[in-house]
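Worksheet: one structure, shown below.
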Amino acid sequence: GRGAGLTWTEMIYASELVRPRGSAAKDLAAARKSPRGNRGANLIDTHDPEVLTGVQLLVDRTTARDGWGVDLLRAALETLEEGAATDRPEWRNICAVDLNFGCPAPAISRRGAGPAQLRRRSKISALFEVLSDWRRTTSLSSIGAVGAKIRLGNNAREQHFKVYLPVAEAAADTLDYLVVHGRHGEQRSRDPPCWEAIAEVKQVTSEKGSALRVIGNGDVRTPDDVRRMLSLTGCDGVMVGRAAMRNPWCLSRLAAAADGGNGDEEGLEEASSEWPSPEELERAAQENAAWSADTPAASRYQRFREENYARLRRECTRAAGRLVPGEALAGAGGAARSGP
């Protein structure tokens, strides 16, 4: 986790997780033997009990045939229980389940899923209720929370009419947390996020007297970003995406800021901690390789991991070369603030 309070699997299509026919054990086994078969079973990777990890589901079939997603979600949650009962360690430590309504891919929106689902108030409320009911009755004792991630709508018009607020009200009655990404579905990472909308969600849910935890998301890269988001929105926590992909070691500093610490250490030694030492990086690479060797999902991302570790090695080398008086702080700070 390297400072993260909670991590997530890759987004899993619920339709790729459910078993179409036959026994659950047989279908799960078949899926694991076909790592490139694009089956959701291969993306479950909660193998490390020391790293709290939740499963992120996209309800991707939203037609009457699938109960507008309700039947599909129930089937996917059932599969999680069945998978956790097997001997595969990557299924044993599922600590949360998250519904993703934030993925902006046009192909997903065209299917009426992701942000396109936010305007369907009764249907999204039904999905929240299914997830909430499941949490109360599931056999998985490790489940600590259920929630969802949303954008501000599928487009600027939906954001203008604040379709996200009724969704937040529904979440306040059913879920443990709601992650709010401060952009609508047609915006990209270069567009500035609307943190004011996150503050609106927090205010609306607080006025209902709900214990829902609102998590802010969007352009958080530095400890100062963490402090500003918490201050400006009143949110209960912060989700980090692109910054953590660029450098997972930044999470410890961001977590310190979220906990009320300074986070912006001064001095040569503290500045160097923005990037890991070569020894730390190699140890992480070896641990990841050992885990990947016995995990079917990992083979799908082998090239990505190799390229990412190569990039991290270059960044660490550059950071180490900058650690000279008068340049160390500027170098480390610039790296932390730059985009992916």
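The first residue of the sequence shown is numbered 1, and numbering continues consecutively from there. All heavy atoms count here, side chains included; hydrogens, waters and symmetry mates do not.
Under a hydrophobic clustering in which Ile, Leu, Val, Met, Phe, Trp and Tyr are joined whenever their side-chain heavy atoms come within less than 4.5 Å, directly or via other members, L131 and L6 fall into different clusters. Hydrophobic clustering (ILVMFWY, side-chain heavy atoms < 4.5 Å, transitive): W8 and L80 are in distinct clusters. Cluster membership check: I94 shares its hydrophobic cluster with V59, using side-chain heavy-atom separations under 4.5 Å among Ile, Leu, Val, Met, Phe, Trp and Tyr. Transitive grouping of hydrophobic side chains (ILVMFWY, heavy atoms separated by less than 4.5 Å) brings V130 and I12 into a common cluster. There is a path of hydrophobic side-chain contacts, each under 4.5 Å, that joins W275 to W249.
Note that the NZ atom of K202 and the CD1 atom of I215 stand 8.5 Å from one another [nearest 0.5 Å].
In this structure, the side chain of D66 does not engage the main chain of G69 through any donor-acceptor pair within 3.5 Å. A side-chain donor-acceptor contact under 3.5 Å links T86 to the backbone of G83.
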Under 3.5 Å, side-chain donor or acceptor atoms of residues 178-185 against the rest of the protein: list the pairs with distances, not counting sequence neighbours.
{"residue": "H181", "atom": "ND1", "partner": "N217", "partner atom": "OD1", "Å": "2.6"}
{"residue": "H181", "atom": "NE2", "partner": "R183", "partner atom": "NH1", "Å": "3.1"}
{"residue": "R183", "atom": "NE", "partner": "R188", "partner atom": "O", "Å": "3.2"}
{"residue": "R183", "atom": "NE", "partner": "D191", "partner atom": "O", "Å": "2.6"}
{"residue": "R183", "atom": "NH2", "partner": "S189", "partner atom": "O", "Å": "3.1"}
{"residue": "R183", "atom": "NH2", "partner": "D191", "partner atom": "O", "Å": "2.8"}
{"residue": "R183", "atom": "NH2", "partner": "D219", "partner atom": "OD1", "Å": "2.7"}
{"residue": "R183", "atom": "NH2", "partner": "D219", "partner atom": "OD2", "Å": "3.2"}
{"residue": "H184", "atom": "ND1", "partner": "E186", "partner atom": "N", "Å": "3.1"}

Please table the atom pairs, donor to acceptor, closer than 3.5 Å between any side-chain atom in residues 96-118 and protein atoms at least two apart or in another chain.
{"residue": "D98", "atom": "OD1", "partner": "Y177", "partner atom": "OH", "Å": "2.6"}
{"residue": "N100", "atom": "OD1", "partner": "G102", "partner atom": "N", "Å": "2.7"}
{"residue": "N100", "atom": "OD1", "partner": "C103", "partner atom": "N", "Å": "3.0"}
{"residue": "N100", "atom": "ND2", "partner": "Q56", "partner atom": "OE1", "Å": "2.2"}
{"residue": "S109", "atom": "OG", "partner": "N154", "partner atom": "OD1", "Å": "3.1"}
{"residue": "R111", "atom": "NH2", "partner": "D60", "partner atom": "OD2", "Å": "3.3"}

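Defined by atom type and a distance below 3.5 Å, a donor-acceptor pair is present between the side-chain atoms of T53 and T7. Remark: the R136 side chain and the S132 side chain contain an N/O donor-acceptor pair separated by less than 3.5 Å. For the 3.5 Å distance criterion, the side chains of N308 and R311 qualify, holding a donor opposite an acceptor.
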Please assess Q203 against E207 for the test side chain to side chain donor-acceptor pair (under 3.5 Å), listing each intermediate value before the final yes or no. CA-CA 6 Å; Q203 180 178 352; E207 289 175 351; 3.1 Å; yes
Could you walk me through whether C194 and L152 satisfy the side-chain contact (heavy atoms from CB on, under 4.5 Å) test, starting with their C-alpha distance in whole Å, then the side-chain angles of each, then the deciding distance to 0.1 Å, before giving a yes or no? CA-CA 9 Å; C194 178; L152 304 182; 4.0 Å; yes
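Salt bridge D71/R65: absent, no basic N to carboxylate O contact under 4.0 Å. At a threshold of 4.0 Å, the pair K162-E200 counts as salt-bridged, since one of the basic side-chain nitrogens sits closer than that to a carboxylate oxygen.
Within 6.0 Å of CZ on R228 lie more than 12 heavy atoms contributed by other residues, nucleotides or ligands.
Side-chain contact between R120 and I124 is absent, with no heavy atoms from C-beta onward closer than 4.5 Å. Looking at heavy atoms from C-beta onward, W134 lies in side-chain contact with E81 at the 4.5 angstrom threshold.
The minimum heavy-atom distance between G153 and V163, with the atom names listed, is CA-CG2, 3.7 Å.
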